[in-house]
Number of protein chains: 2
Amino acid sequence: MRARGVNQTGGTTTIIDVAHAAGVSTATVSRVLNGDSRVNPTLAAKVQRAVNKLGYRPSRAARTLRTQQARVWALIIPDVSNPHFTDMVRGIEDVAYSAGYSLILCNTDADAEKERTYLELALAEHVVGVILAPTSPDPSLIEEMLSRKVSIVTVDRRIASGMLDGAFVNNVAGAEQAVDHLLARGYRHLACITGPTDTTTGRDRLDGFMAALRRNGVELDDPAFVRIGDFRESGGKREMEGLLALPVRPDAVLVANNLMTLGALKAVVAAGLEVPSDMAIVGFDDSAWNAIVHPPLTCVAQPAYDLGAESARLLLSRIEGHSGPNREVMLVPTLRIRESTAGRSSRAPTRSGPAMRGIRPSVDDTGSGVGRGDDPARARQVDTVSPSRRSGANERRDRATGRTKGAGGTR
Amino acid sequence: MRARGVNQTGGTTTIIDVAHAAGVSTATVSRVLNGDSRVNPTLAAKVQRAVNKLGYRPSRAARTLRTQQARVWALIIPDVSNPHFTDMVRGIEDVAYSAGYSLILCNTDADAEKERTYLELALAEHVVGVILAPTSPDPSLIEEMLSRKVSIVTVDRRIASGMLDGAFVNNVAGAEQAVDHLLARGYRHLACITGPTDTTTGRDRLDGFMAALRRNGVELDDPAFVRIGDFRESGGKREMEGLLALPVRPDAVLVANNLMTLGALKAVVAAGLEVPSDMAIVGFDDSAWNAIVHPPLTCVAQPAYDLGAESARLLLSRIEGHSGPNREVMLVPTLRIRESTAGRSSRAPTRSGPAMRGIRPSVDDTGSGVGRGDDPARARQVDTVSPSRRSGANERRDRATGRTKGAGGTR
DNA sequence: AGAAGATCTGTAATCGATCTCCCAAAACGA
DNA sequence: TCGTTTTGGGAGATCGATTACAGATCTTCT
């Protein structure tokens with residue numbers, strides 16, 4: 001008995017073999033396989049039987065060549081090893097899988113050249129869609145995509161022109177929530193470590209930070225309290241060290257992503273200082289670890305999985321022919337309050353004993369609204385132990401694939 | 001001025017257009033593009049100029065159809081959102097990228113059916129190679145792969161038959177190191193939460209645990225101290241709760257992966273107990289967070305990035321024609337000692353354990369204290385080679401341990 | 001000079017599936 | 001019965017690159 005899908009000659013089973021076996025033409029086989037209803041049921045059955053017997057699998061390359069459309073999406077992101085993007089990728093993959101598309105994974109490392117290479121690859125591969133978390137994409141390539149009818153959506157970050165569909169998190173609101181929270185907890189000397197200002201995520205988070213300060217009538221103590229990092233651990237560390245070296249230090253810092261938060265935290269510890277008694281920290285991005293780091297980290301949690309899933313749905317709808325005006329889905333981040341912003345100890349800002357575990361902050365805190373952050377009556381935030389995938393919190397209704405409970409942490 | 005790569009008719013620029021523009025035949029264009037040295041330099045230059053002017057990009061579909069080889073690898077793993085696999089993926093992607101291959105990403109969620117689907121996809125896509133972190137692959141599909149000359153390697157986990165190249169971590173040794181360390185720190189009542197026993201990772205880690213106990217003349221207190229988890233956070237939590245519910249509890253637990261460690265830690269905290277005074281914990285897998293969780297976690301760190309990179313190199317060498325006996329690359333894990341195994345507190349609260357060795361108060365948490373174990377008994381590990389690998393354990397010793405400078409945490 | 005190589009270059013078959021034509025047969029109407 | 005419409009299905013062109021083979025040109029040697 002020979003292996004499935006291999007014919008006598010050792011080559012691949014082709015549509016011709018099937019047609020032969022079923023005593024019909026290749027056209028008929030193709031029609032049956034593509035669900036053309038006009039075929040005689042009897043013949044269709046015969047074809048099906050032949051297909052099964054031979055273990056025939058159509059060649060995607062041939063189909064792609066003929067139809068000029070590969071059932072493949074290119075997924076172009078800065079770095080899979082960043083948990084934020086990782087979760088996004090899962091969201092995308094789940095939607096893509098259930099719609100029958102596969103993904104080509106492309107890490108740009110925020111390098112414009114690699115990004116360009118991958119966009120060209122996407123064209124050469126005839127992918128039918130592209131999901132791009134842009135760094136600094138070549139506009140002419142984007143245009144070429146569009147003129148070649150390749151659907152393309154952005155995710156996580158916007159590109160300048162705003163001519164594409166996209167799914168984003170409301171970063172301004174997220175940063176505002178964080179600032180409101182810090183102020184409510186009594187911090188007054190706030191600093192911000194944000195990301196590169198050529199990314200919308202970097203800019204928006206800084207904008208939200210500044211806007212919330214302004215709205216609350218609080219001034220920035222020192223221009224040097226605004227630091228531009230690189231979204232990496234090393235950058236977070238460096239910028240935090242910069243802050244610590246200032247003559248007058250901030251008492252609270254908003255750090256604009258997960259890796260920089262890590263670096264910042266390490267810098268604080270390395271300096272022999274304590275969080276939050278010497279300095280409070282709010283991070284961006286939640287992770288399963290944030291609840292058990294020392295101290296547990298208050299953060300602006302982004303619905304990364306849903307972000308990915310939403311972008312995938314946008315892409316899907318474009319591929320399936322939707323052609324309305326551009327749509328941008330804006331998801332709402334959630335402030336998760338933990339101990340790294342426990343509040344200014346009423347006693348002087350000196351050192352207070354070892355890690356004050358167990359200061360369970362009473363969650364009376366205002367200024368943590370969803371959305372605009374200017375509504376005084378709002379739901380209180382509680383630390384939800386289960387990571388990310390909290391339900392609700394976004395503006396769109398159906399989230400079909402919730403990807404049940406920790407599915408697949410398998411190793 | 002028209003967009004690059006699009007010709008007058010609005011269609012894609014093809015090799016024919018280039019041939020036309022350069023005044024040569026398509027064969028010559030193809031030769032130039034594929035670096036056939038026999039072409040006249042003058043002509044080659046003319047072709048190159050035409051290529052540039054037209055923005056020509058060869059169609060991968062056509063090339064794939066003709067050569068029956070897509071410059072694509074299928075990467076089939078349980079779950080990208082597990083940091084361990086994420087790092088592996090990065091290692092693989094970097095090698096693939098620099099060799100000019102792209103990756104199709106496939107998450108199986110440890111589901112045999114999805115795994116099967118993706119293996120079939122790989123065949124249909126004519127991928128030239130597959131990297132598989134197996135769950136329970138259909139042997140007949142593997143055979144078909146081989147008979148169709150699709151290169152395939154395994155990574156992270158072995159499959160039963162051992163008929164494939166693969167890159168693995170020495171899990172037995174890793175678990176042994178962990179146990180030796182726990183014993184040296186004075187713990188005597190050890191338990192283990194391992195993974196599904198149909199994975200080699202689950203089995204090997206348990207084997208190492210048992211072997212080290214035996215070698216040290218320590219008995220397992222209770223058969224219930226061996227727990228089979230599911231490699232997920234929920235499973236780690238559940239099994240730890242199981243341990244805590246026992247009449248006599250262990251004083252130290254080895255947990256066989258990152259997510260279960262997280263769950264286990266949360267279970268301990270939820271029970272109002274402390275690590276390490278009430279219970280020591282050693283995890284598997286390091287992460288940037290492990291150094292700052294509370295308490296900092298001792299763990300067996302796996303070189304996940306290199307694991308991926310090695311598997312990619314194995315695949316590459318097969319694709320490029322290597323046809324020796326099967327090779328298995330075995331990487332050595334590293335014990336990172338932190339505070340979660342600080343040693344039995346002298347006022348042993350619950351039970352009176354046997355005498356212990358001195359407590360080491362100072363602890364490395366830089367994450368760089370590679371293998372600085374305090375256990376003289378520990379077997380020194382050298383790059384191990386599986387029986388089937390004759391020579392050349394060292395031919396790859398100089399793995400350019402990738403990824404310096406924290407490449408790409410960008411967001 | 002002429003023959004035998006050596007070196008380029010072009011022609012055309014080929015990969016496998018899709019899909020436009022077009023024909024044959026069946027169904028229908030008068 | 002004959003003409004017209006409907007329907008099912010086959011032949012073959014086509015997608016774009018690769019490559020075996022053949023032809024053309026240039027060397028080199030007798």
Side-chain angles (χ1 to χ4, degrees), chain A residues 5-7 9-47 50-51 54-71 123-126 128 148-149, chain B residues 5-7 9-47 50-51 54-72 123-128 148-149:
Chain A
V6 176
N7 66 15
T9 72
T12 313
T13 310
T14 74
I15 200 171
I16 298 179
D17 300 321
V18 177
H20 211 82
V24 300
S25 74
T26 60
T28 300
V29 176
S30 177
R31 285 197 261 262
V32 170
L33 262 48
N34 292 299
D36 188 321
S37 54
R38 296 173 319 191
V39 265
N40 183 324
T42 315
L43 274 195
K46 232 194 294 193
V47 168
V51 165
L54 299 178
Y56 167 71
R57 261 184 303 269
S59 153
R60 310 259 279 199
R63 177 186 309 213
T64 297
L65 179 59
R66 182 61 233 250
T67 63
Q68 301 290 352
Q69 286 230 327
R71 285 190 75 82
L123 281 170
E125 289 272 11
H126 290 293
V128 68
R148 295 262 291 273
K149 304 286 178 248
Chain B
V6 176
N7 65 16
T9 73
T12 312
T13 310
T14 75
I15 199 170
I16 297 180
D17 301 321
V18 177
H20 210 81
V24 299
S25 73
T26 61
T28 300
V29 176
S30 176
R31 291 194 186 104
V32 171
L33 262 46
N34 292 298
D36 189 319
S37 56
R38 297 172 318 189
V39 251
N40 183 325
T42 315
L43 274 195
K46 232 194 292 193
V47 169
V51 165
L54 300 177
Y56 168 70
R57 259 183 306 268
S59 152
R60 309 260 279 199
R63 173 181 305 189
T64 299
L65 179 60
R66 182 62 235 251
T67 63
Q68 300 291 352
Q69 284 229 327
R71 286 189 75 83
V72 169
L123 282 170
E125 289 272 11
H126 290 292
V127 302
V128 69
R148 296 261 291 273
K149 304 287 179 250

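Numbered from 1 within each chain, the chains take letters A, B, ... in sequence-line order.
The main-chain N or O of A:Arg63 is found under 3.5 Å from a side-chain atom of A:Thr67 such that the two form a donor-acceptor pair. Side chain of B:Asn40 to main chain of B:Thr42: a donor-acceptor pair is present (N/O by atom type, distance under 3.5 Å, no hydrogens or angles). The main-chain N or O of B:Ser30 is found under 3.5 Å from a side-chain atom of B:Asn34 such that the two form a donor-acceptor pair.
In this structure, A:Thr64 OG1 and A:His126 NE2 are separated by 8.0 Å, a value rounded to the nearest 0.5 Å. One distance of note links OG1 of B:Thr28 with CD1 of B:Ile15; it measures 9.5 Å at 0.5 Å rounding. Note: B:Thr14 OG1 to B:His20 NE2 = 11.0 Å, rounded to the nearest 0.5 Å.
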Along nucleotides 7-13 of chain D, 5' to 3', which nucleotides get a B, which get an S, and which get a -, given that the test is a protein heavy-atom distance under 4.0 Å? -SBBBBB
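Side-chain N/O atoms of A:Ser30 include one lying less than 4.0 angstrom from OP1 or OP2 on C:dT18. Neither OP1 nor OP2 of D:dG16 sits under 4.0 Å from any side-chain N or O of B:Tyr56. An OP1 or OP2 oxygen of D:dG16 is reached within less than 4.0 angstrom by a side-chain nitrogen or oxygen of A:Gln68.
Residues B:Ser25 and B:Val29 fail the side-chain proximity criterion, which asks for heavy atoms closer than 4.5 Å.
Between the P atom of D:dA17 and the NE2 atom of B:His126 lies a distance of 18 Å, rounded to the nearest Å. Atom CG of A:Asp17 is separated from atom C1' of C:dC15 by 13 Å (rounded to the nearest Å). Nucleotide C:dC19 holds its P atom 7 Å from the CG atom of A:Asn34, rounded to whole Å. A:Ile16 has its CD1 atom 13 Å from the P atom of C:dT18, to the nearest Å. Remark: C1' of C:dG16 and CD1 of A:Ile15 are 8 Å apart, rounded to the nearest angstrom. Rounded to whole angstrom, the span from the CG atom of A:Leu65 across to the C1' atom of C:dC19 amounts to 14 Å. Here D:dA17 presents its P atom at 13 Å from CZ of B:Arg60, a figure rounded to the nearest Å. Note: CG (B:Asp36) to P (D:dT18) measures 11 Å, nearest angstrom.
Computed from C1' positions of five pairs at each end, the angle between the two local axes of the helix from C:dA1-D:dT30 to C:dA30-D:dT1 equals 50°, rounded to 10 degrees.
Closest approach of A:Val32 and A:Ala44 over heavy atoms only: CG2-CA, 3.9 Å.
Every residue two or more places apart in sequence or in another chain that forms a side chain to side chain donor-acceptor pair (under 3.5 Å) with B:Glu125 is listed here: A:Arg60.
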